[in-house]
Participant: 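Okay, here's the structure, questions in a sec.
Computed from a prediction, not measured in an experiment: that's the story for all the values here. Just so it is clear, the values below take in all heavy atoms, side chains as well, and ignore hydrogens, waters and symmetry mates.
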Amino acid sequence: MARSSRRMSSWPISYLSILLLLFFVSPAVMVKHHDFKRCDQSGFCKRNRALADSMTEKGSPESSPYQLDAASIKFKDGRLDGSIIKSLADGDAVKLPLTMTFLDRGNVRVTVDEEKRRKGEIELRHGSVARKERYDEAAAWALTGAGLQAQTTASMKKVSKDVTEVSWGPSGHFKAIIRHAPFGVELWSGEEKHVVFNGRGFLNVEHWRPKVEKPSVDENNTEAQPAEPTEDESTWWDESFGGNTDSKPKGPESVAMDITFPGYGHVYGLPEHTGPLSLKETRGGDGNYDQPYRMYNSDVFEYELDSPMTLYGSIPFMHAHRKSSTVGVFWLNAAETWVDIVKSKHDTNPLTLGLTGGVVDTHTHWISEGGLLDVFVMLGPTPEDVSKSYGELTGYTAMPASFAIAYHQCRWNYVSDEDVKDVDRKFDKFNIPYDVIWLDIEYTDDKKYFTWDPLNFPDPISMEKQLDETQRKLVVIIDPHIKNKDGYFVVDELKSKDLAVKNKDNNIFEGWCWPGSSHWIDAFNPAARAWWKSLFTFDRFKGTQSNVWLWNDMNEPSVFNGPEITMPRDNLHHGNWEHRDLHNINGMTFHNATYHALLERKKGEIRRPFVLTRSFYAGSQRSAAMWTGDNQASWEHLAASIPMILNQGVGGFPFAGADVGGFFGNPSKELQTRWYQAGAFYPFMRGHAHIDTRRREPYMLGEPYTGIMTQALRLRYSLLPAWYTAFHEAATDGHPIVRAQYFVHPSDERGFDIDDQMYLGSTGLLVKPVTVEGGESVDVYLSDDENYYDYFDYTTYAGGSRTHKIDAPLDKIPLLMQGGHIIPRKDRPRKSSGLMKWDPYTLVVVLDKHGEKAEGTLYVDDGETFDYQQGAYIHRQFSFEGGVLRSSDIGTKGAKTAGYLKAMKGVKIEKIIVVNAPAAWSSAGELAVSEDGFKGERKVEISYHAATGNKAAWAVVRSPGMGIGVDWSVKFPESASSAPKTEL
């Protein structure tokens, strides 16, 4: 939600002036850069970049002052402990405890702390009550505990006086070569080096030191004065920006290190940013950025595109990829973080004189304001392996309620409960499916959450009951700022229970947001989370029932009068941790608290919650969906949404979407129509709009646009079985829901920087939305040596590193099916996904280019409860081989399996469509079906449609009638080896 509103009567005149100004600023002006820091305006970033420049000029890391004390090394059960000694210019030294833990799957964790801070042997300034330690609780929020067990079979040996080696994994396949002086680590898989720590000497742990007050200078003293210190102390002890001063009671405490990926030319990840999927270099030069990628969750008004600027969420996780190899790095730090990226090229064969193009190394430099240096490395070797390892550490995507992956209709704001009812009726009148309608802040009574506007929403229950008639849901917004108004029961309880965030003086923090004067719940506090849970019960959040779910916005947190539109860094949270230490986790603590509050609003009625969050961190995928914030109704923002959503999948948070149609501004009818076509392939699909935009529900546009958008939505709904199966893959293996080219085809270098087309899970569906005005075709790149078929008319396109121009008039979505896949869908149009629950299935069998094989999966559960955790689900493997189509059980039985299978007994396969059907089938009239629970075989009819031009032949089996939850087989008349060979 943007920082502008018509309803500001309770605000101070200065803030009114600012916000009124925003109304008259054209959206083209976009982000206000002066609100947000550049690296050279951030003291710790500037210092560490300067250190990197100095080390680069020297050309050698040998002058790095960090040395591993060999005598301190201890190794037991897969864990190495020791001390890194930082030598200071005055001859003193700082002790930095080191831990390296060697984990399963080729993973390793490296942690560096600071002994004096750990022991509390420091003094804070300004009488601060802040914690003295480096923040060490990020892991408790981000990690699940899985994948952290040390591999006890790991072994250590001393290679030389200054080198130690640790081997782990099968047959010691993985190696860590640890250099003592200066400290550095090389991580190897087999005979190849993949990751290097501190190879360029940028390691920096800013140790605690007391502030020495400089004596006043006597201008009459002619004696020589001592030389000024060589280090720039100007931002060590306090730092001002935008009229706010950060008191920094702990002094400088940044951590930084260079991480190099030898031979890797592409890196991905670091959501959330607006640039291309393959991350750019950040040290200037043609086409590069001149700023590091910044991660400092912020409310960025009308954010700009193709920028390393911070946005609403941060996941400091990166894939490095090269042909047939992927590694991952997770920088576990919750403070403000910057990442520089540069690339260098070198030739491995000096005799070629550079004619081969050389090998590219990617060098990254990670810089955080405070906290521990805590890094995980995952040695792959595939994108799937890295994603699974990361998912084990931080948790997999929560299995959503089935309605959550259908279409959501939202705007700021539906003005009354009657307005909501009217929109609901009109969707039905125009036969447009949708599942969820949303309410923004105007539904509340004077911006007080957990209340309803008594004039405009006098009877919310009747509104919710109307929605429930078609199994639709309502989502309402609740943000972390609580209106500071006496007599408002929520803020009164927040204060009396002492559950709010504190300022640097340890008093309740007051800032400004939508309600005006506000306080913020401190969701780091267990007591605050328990209290928050109590607010959502139906007897306290009056006017809600079980089909009402939640939207958490503004949870960066957004503070309109705060530095960089957020909280002061020296604010205090539970445990007396400073806000600077945990800023990027703040949003996750809030949406986690909401998720758990929704788990059981009524005793015994447990349903899977739906929570949408704007701010997020590593681990947010366990309890929320996200969207890309306040985008604009422009073609450029439509195009940018695709790499942004793909990158969320790389970052392990794939339940992602963008505001369909654009939040700010009024899209043209063409733009809105194309956006619905693209949005049909977002994992989270929601239309949303700013309060000052025209109403733009799909039925408002008129024909042909309404009809075309309805087609896109019906396509989304027909493919919900495929979407739900893709979500299950994310929930069990950590894989992205929509996948980038490099992820699906990791050996094809031509596809490594493609980020405008995407695959849906493992279905073989490949979509490339039209994202340019007036566009009537797209160029689709097909990597693998397989045929692809147009989803709608079966036009054949040959793969094998070829690019095809595909016609895409306004009513056409460029959607292809990769040969060799079986796609489940439901073809009966319904008003909502809930009404599709008992509908039969269609299987689209897309045979490979030889007409011989195909496979696919289907996952089904009740879409509502957690009974699937006790076996109440169906998980089928479909395969076509040797002329037989089979369904096999790949699930694991549990206590509730039998009951669920009984409930689903009546759900059948109503149609089988076979694309690239063999010509030999043209004379077949019947097929034999075998099914568990029935004796013998039964016959079903098949109709054959011959190939015409460049369109593949296809066949249809109608009403085969097999149960979706049992084993069955369909025998086709003869081997598919006689399939026609199409010359393309």
Side-chain angles (χ1 to χ4, degrees), residues 1-2 5 7 299 312 404 408 410-414 417 420 436-453 456-457 460 463-464 473-485 488-494 499-501 511 513-516 518-523 525 528-560 586-601 607 609-616 620 623-627 629 686 688:
M1 186 192 304
S5 173
R7 296 161 177 81
D299 181 358
Y312 310 99
H408 300 243
C410 183
R411 72 172 283 109
W412 178 22
N413 202 85
Y414 289 113
D417 49 20
V420 171
V436 191
I437 194 164
W438 292 51
L439 293 177
D440 214 314
I441 55 175
E442 313 302 331
Y443 80 92
T444 63
D445 180 11
D446 194 28
K447 307 297 188 299
K448 299 193 296 286
Y449 300 116
F450 302 98
T451 70
W452 296 87
D453 182 331
N456 294 316
F457 291 88
M463 170 181 62
E464 294 154 19
K473 320 297 179 186
L474 179 72
V475 167
V476 298
I477 195 169
I478 291 183
D479 295 340
H481 49 259
I482 306 300
K483 186 180 183 72
N484 181 22
K485 184 176 183 179
Y488 171 34
F489 76 99
V490 178
V491 80
D492 289 346
E493 291 182 16
L494 181 75
L499 302 177
V501 178
C513 206
W514 295 120
S518 302
H519 301 308
W520 274 257
I521 177 177
D522 183 5
N525 186 342
R529 299 195 297 272
W531 168 72
W532 192 247
K533 184 175 181 179
S534 74
L535 296 175
F536 286 84
T537 59
F538 297 133
D539 61 337
R540 297 206 75 194
F541 191 179
K542 298 184 185 301
T544 63
Q545 57 180 25
S546 59
N547 64 337
V548 178
W549 301 101
L550 262 295
W551 172 16
N552 288 158
D553 201 346
M554 316 296 286
N555 52 334
E556 294 75 25
S558 178
V559 181
F560 292 168
N586 185 85
M588 181 171 73
T589 69
F590 184 62
H591 73 69
N592 273 348
T594 301
Y595 175 89
H596 289 286
L598 294 173
L599 270 176
E600 192 172 358
R601 291 175 284 182
R607 297 291 182 266
F610 174 77
V611 180
L612 182 75
T613 183
R614 188 170 74 174
S615 182
F616 55 86
S620 283
S623 57
M626 64 77 64
W627 92 108
R686 180 184 73 156
H688 188 37

Participant: If we only count heavy atoms from C-beta on, is the Phe616 to Asn555 side-chain gap below 4.5 Å?
Facilitator: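 The answer is no, as the side chains (C-beta and beyond) never meet within the 4.5 Å cut-off.
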
Participant: Run the salt bridge (charged side-chain N to carboxylate O under 4.0 Å, His left out) test against Arg607 and tell me which residues pass, sequence neighbours left out.
Facilitator: Glu864

Participant: Taking the side chain as every heavy atom from C-beta outward, state whether Leu439 and Leu474 have any pair of such atoms under 4.5 Å apart.
Facilitator: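 Yes, their side chains come closer than 4.5 Å.
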
Participant: Please find the pair of heavy atoms, one from Tyr488 and one from Thr451, that lie closest to each other, and give the distance.
Facilitator: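 Scanning both residues, the minimum pair turns out to be CE1-CG2, 4.3 Å.
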
Participant: Treating Thr544 as the side-chain partner and Phe538 as the backbone partner, does any N or O pair qualify as donor plus acceptor under 3.5 Å?
Facilitator: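 Absent.
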
Participant: Could you tell me whether Arg411 and Glu442 have a side-chain N and a carboxylate O separated by less than 4.0 Å?
Facilitator: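 Judged by the 4.0 Å cut-off on N to carboxylate O distance, Arg411 and Glu442 do not form a salt bridge.
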
Participant: So Leu598 and Leu550, do their side chains get closer than 4.5 Å, heavy atoms only?
Facilitator: yes

Participant: Could I get the full list of salt bridge (charged side-chain N to carboxylate O under 4.0 Å, His left out) partners for Arg686, not counting sequence neighbours?
Facilitator: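 Only Asp659 meet the salt bridge (charged side-chain N to carboxylate O under 4.0 Å, His left out) criterion with Arg686.
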
Participant: To the nearest 0.5 Å, how far apart are CD1 in Ile521 and OG1 in Thr589?
Facilitator: 8.0 Å

Participant: Is the shortest heavy-atom distance from the side chain of Lys483 to the side chain of Cys513 under 4.5 Å?
Facilitator: no

Participant: Flag the pair Leu535 / Phe489 as yes when at least one side-chain heavy-atom distance between them is below 4.5 Å, and no otherwise.
Facilitator: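 A side-chain contact under 4.5 Å exists here.
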
Participant: Which atom pair, heavy atoms only, marks the closest approach of Ala625 to Phe610?
Facilitator: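 The pair with the smallest heavy-atom distance is CB-CE1, 4.1 Å.
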
Participant: So Phe450 and Trp532, would you call those rings parallel, tilted or perpendicular, with 30° and 60° as cut-offs?
Facilitator: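 If you compare the ring of Phe450 with that of Trp532, the planes turn out perpendicular.
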
Participant: Would you please test Thr444 and Lys448 for side chain to side chain contact (heavy atoms under 4.5 Å, CB included) and show each step?
Facilitator: CA-CA 6 Å; Thr444 63; Lys448 299 193 296 286; 5.5 Å; no

Participant: With heavy-atom distances below 4.5 Å as the criterion, would you say the side chains of His519 and Val501 are in contact?
Facilitator: no

Participant: What's the spacing between Ile441 CD1 and Ile478 CD1 if we round to 0.5 Å?
Facilitator: 12.5 Å

Participant: Which value, rounded to the nearest 0.5 Å, describes the distance between Asp553 atom CG and Asp479 atom CG?
Facilitator: 5.0 Å

Participant: Any idea which heavy atoms bring Val490 and Trp531 closest together, and the distance?
Facilitator: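 Answer, listing the atom of Val490 first, then Trp531: O-CZ2, 3.5 Å.
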
Participant: Please report the closest heavy-atom contact between Val420 and Tyr414, naming both atoms and the distance.
Facilitator: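 Distance-wise, the nearest heavy atoms are CG2-CB, 3.8 Å.
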
Participant: Of the options Tyr449, Phe590, Phe560, which is the one that meets His481 in a ring-ring contact (aromatic ring centres under 6.0 Å, His included)?
Facilitator: Tyr449

Participant: Closest approach of Lys485 and Val491, non-hydrogen atoms and distance?
Facilitator: O-CG1, 3.3 Å

Participant: Determine whether a donor-acceptor pair (N or O, by modelled atom type, separation under 3.5 Å) exists between the side chain of Ser518 and the backbone of Gly516.
Facilitator: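 Such a contact is found between Ser518 side chain and Gly516 backbone.
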
Participant: To the nearest 0.5 Å, what is the distance between NZ on Lys473 and CH2 on Trp549?
Facilitator: 8.0 Å

Participant: For the OG atom of Ser615 and the CG atom of Asn552, what is their distance to the nearest 0.5 Å?
Facilitator: 10.5 Å

Participant: Below 4.5 Å, heavy atoms only, C-beta onward: do Asp440 and Trp514 meet side chain to side chain?
Facilitator: no

Participant: Determine whether more than 12 heavy atoms belonging to other residues, nucleotides or ligands lie under 6.0 Å from atom NZ of Lys533.
Facilitator: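 For Lys533, atom NZ is not crowded (no more than 12 foreign heavy atoms under 6.0 Å).
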
Participant: Are the side chain of Trp452 and the backbone N or O of Lys542 linked by a donor-acceptor pair below 3.5 Å?
Facilitator: yes

Participant: Any chance you could measure His596, atom NE2, to Ser623, atom OG, to the nearest 0.5 Å?
Facilitator: 6.5 Å

Participant: Can you check whether Leu494 reaches Trp520 side chain to side chain, under 4.5 Å on heavy atoms?
Facilitator: no

Participant: Would you please name every residue forming a side chain to side chain donor-acceptor pair (under 3.5 Å) with Asn586, sequence neighbours left out?
Facilitator: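 So Asn586 forms no side chain to side chain donor-acceptor pair (under 3.5 Å) with any residue.
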
Participant: Please say which of Asp453, Ile477, Asn456 ends up in a side chain to side chain contact (heavy atoms under 4.5 Å, CB included) with Tyr443.
Facilitator: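 Exactly one pass, corresponding to Ile477.
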
Participant: Aromatic rings Trp438 and His408: how do their planes relate, parallel, tilted or perpendicular, breaks at 30° and 60°?
Facilitator: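 Rings of Trp438 and His408: perpendicular, as their planes differ by over 60°.
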
Participant: For His591 and Ser620, work out which heavy atoms get closest and say how close.
Facilitator: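 So the minimum-distance heavy-atom pair works out to NE2-OG, 2.8 Å.
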
Participant: Are Trp551 and Trp627 close enough, and set up right, to give a side chain to side chain contact (heavy atoms under 4.5 Å, CB included), and what steps lead you there?
Facilitator: CA-CA 11 Å; Trp551 172 16; Trp627 92 108; 3.3 Å; yes

